[in-house]
Amino acid sequence: MAGRAPGREERGSIGRILRSPGAHRILAFALIIGAWQFLSGRYISAYFISSPSDIATKIVTWARDGTIARHVTSTVLITICGFVLASALAIPLALWVSASKLVDAVLGPFIYAAYSMPKIVLGPALVLWLGIGLLPAIALSCITAFFLVFYNVYVGLKQVAPIHTISAKLLGATPLQAAMKFRLPAAGPFVATGLSQGLIYAFHGAMVGEMTASNVGVGYLILFSGSRLDSTAVMAALVLIGLIALAITLLLDHTLGLLGTAKGAQAIA
Amino acid sequence: MPRPILAAEPDVSRLGKKVLSFDNVSLNYDGLSILDNVSFEVERGEFVALIGPSGCGKTTLLNLAAGLATPASGTVRYAGEILRSANTSAGYLTQEDALLPWRDVISNVSLPLEIKGVARAERVERARAILAKVGLKGFERHKPHQLSGGMRKRVSLARTLIYQPETLLLDEPFGALDAQTRVLIQEELLSICKDLGLTVLLVTHDIVEAIGLADRVVLISKRPARLCATIDVAHVANRRLSRIEPQNERYFDQIWDHLRSQTGGG
């Protein structure tokens with residue numbers, strides 16, 4: 001029995017694997033990388049597009065000499081700090097503004113004006129105030145993420161059924177209890193969307209901050225590489241940025257999936 | 001069959017005779033006059049029903065009693081003191097579902113105690129006891145969406161009673177229930193209220209409900225609301241809540257004629 005040639009069933013299952021989407025993805029990826037490697041240096045100058053082999057070598061070099069450790073860690077740190085700070089500010093503010101018509105009318109327009117500002121132009125001002133390094137990048141990351149968290153949570157809180165705020169009052173809940181036990185849970189999907197958008201934009205803000213006001217981070221790395229006309233390094237840095245972005249997206253998908261929240265919940269971006 | 005009395009009865013001694021009093025209360029909203037010099041009182045242990053045409057301001061009166069609104073003129077007193085903020089001594093039951101959909105039954109019911117800072121073990125024990133009293137033993141872990149309308153109403157009632165309020169303010173709480181469930185819950189409610197000596201102010205459209213549950217029925221006019229009449233029904237027992245018994249038909253007619261006179265002609 002041992003050593004038989006594959007029967008019909010085994011051939012079928014191998015065939016199924018070969019026909020699966022995963023196999024097709026690997027094939028497509030291999031074809032693109034292969035074409036890229038082939039064209040580079042032969043038909044398109046390596047200066048413009050570098051090559052997969054060079055990029056891979058560069059990444060391995062960076063892994064060995066601590067470049068990845070240093071810059072990726074900085075970027076992750078900046079992103080997380082920016083996100084946490086933004087949420088810590090935005091959620092209480094959203095609670096306050098949505099609860100009071102007066103505060104909403106007074107502060108609303110200012111918040112909206114600030115939201116409309118392109119964040120990148122804040123770079124020079126932040127350097128003035130905070131110097132060059134992690135701080136201005138964290139500030140920029142925080143500012144960018146803030147509005148995403150704020151507006152999503154604000155909208156979510158405004159759509160909470162009035163009966164819940166009334167119940168909270170009649171049961172003698174303090175404002176904190178009302179927020180934690182009634183209002184924020186009632187705005188659940190919006191809070192989840194706000195936080196996930198906040199994290200994504202904290203990363204975007206971190207990139208802008210690193211490219212305008214920092215001396216560490218993958219954003220800085222790409223700027224630095226570009227200024228030295230090192231296209232391989234630029235591509236390699238792009239790969240790293242792409243991987244971080246992908247990691248964030250997958251993390252959010254997984255967390256939101258665990259919470260059972262609809263991914264298509266109303267988002268403001 | 002004698003009804004079991006709940007674990008601990010509310011302390012009504014501080015209330016005095018008049019629990020709730022409206023004194024020449026007027027209220028406007030957006031330039032419209034909603035209440036016009038309304039005065040009436042609810043005594044301790046009394047069950048008063050407010051009946052009037054739709055949109056007349058009955059709910060506004062209830063909100064005033066709950067401390068959710070303040071009058072433009074006149075005073076609203078609870079236990080002799082003018083209400084300045086939300087009335088946390090009164091239980092409030094509305095037609096809308098006030099249950100928190102993300103919490104299960106037992107944590108919904110124990111919510112008032114949670115807010116007061118009662119320890120977890122005691123909260124759960126008291127919640128279980130009150131759920132058993134309203135006939136929902138075994139449903140502690142269910143989520144509200146898994147229950148029927150009548151069962152959700154019982155949960156709401158349990159949540160209202162768990163912190164032993166002295167007074168109940170009811171805003172057409174059973175309007176959304178089917179006729180059979182409604183009658184059953186009304187009977188339970190009446191029983192509980194009498195057992196505990198609760199003071200109740202009920203706003204309703206349902207004349208049978210008003211006559212069947214209340215000691216006194218207060219008739220309100222159309223907007224701007226004024227007091228039109230008060231009918232004493234305490235002395236007649238309409239024990240069946242499913243219909244009006246012969247001896248009470250004249251009260252039914254009186255109320256119905258009043259409502260019709262208030263609704264006809266816009």
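Each chain gets a letter, A, B and so on, in the order the sequences are listed, and its residues count up from 1.
- In this structure, A:Lys181 and B:Glu114 approach most closely via the heavy-atom pair NZ-OE2, 2.7 Å.
- The neighbour count for A:Ile120 CD1, taken as heavy atoms of other residues, nucleotides or ligands under 6.0 Å away, does not exceed 12.
- Of the inter-residue distances, the one linking B:Gln95 atom CD with A:Ile163 atom CD1 reads 10.5 Å to the nearest 0.5 angstrom.
- Both the backbone and the side chain of A:Ala186 come within contact range of chain B, judged by heavy atoms closer than 4.5 Å.
- Applying the 6.0 Å contact sphere to NZ of B:Lys137 captures no more than 12 heavy atoms from other residues, nucleotides or ligands.
- B:Arg159 places a side-chain heavy atom less than 4.5 Å from the side chain of A:Ser167.
- Few gaps surround CZ on B:Arg152; more than 12 heavy atoms of other groups in view lie less than 6.0 Å from it.
- Between A:His164 and B:Leu100, the shortest heavy-atom distance links the atoms ND1-CD2, 3.5 Å.
- The two residues A:Phe182 and B:Trp102 come nearest to each other via the heavy atoms O-CH2, 3.3 Å.
- The minimum heavy-atom distance between B:Leu111 and A:Leu171, with the atom names listed, is CD2-CD1, 4.4 Å.
- Taking CG of A:Leu170 as the start and CG of B:Asn63 as the end, the distance is 8.5 Å to the nearest 0.5 Å.
- Contacts of B:Asp97 with chain A are made by backbone atoms alone, with heavy-atom separations under 4.5 Å and no side-chain atom involved.
- The two residues B:Thr88 and A:Lys169 make their nearest non-hydrogen contact at CG2-O, 3.9 Å.
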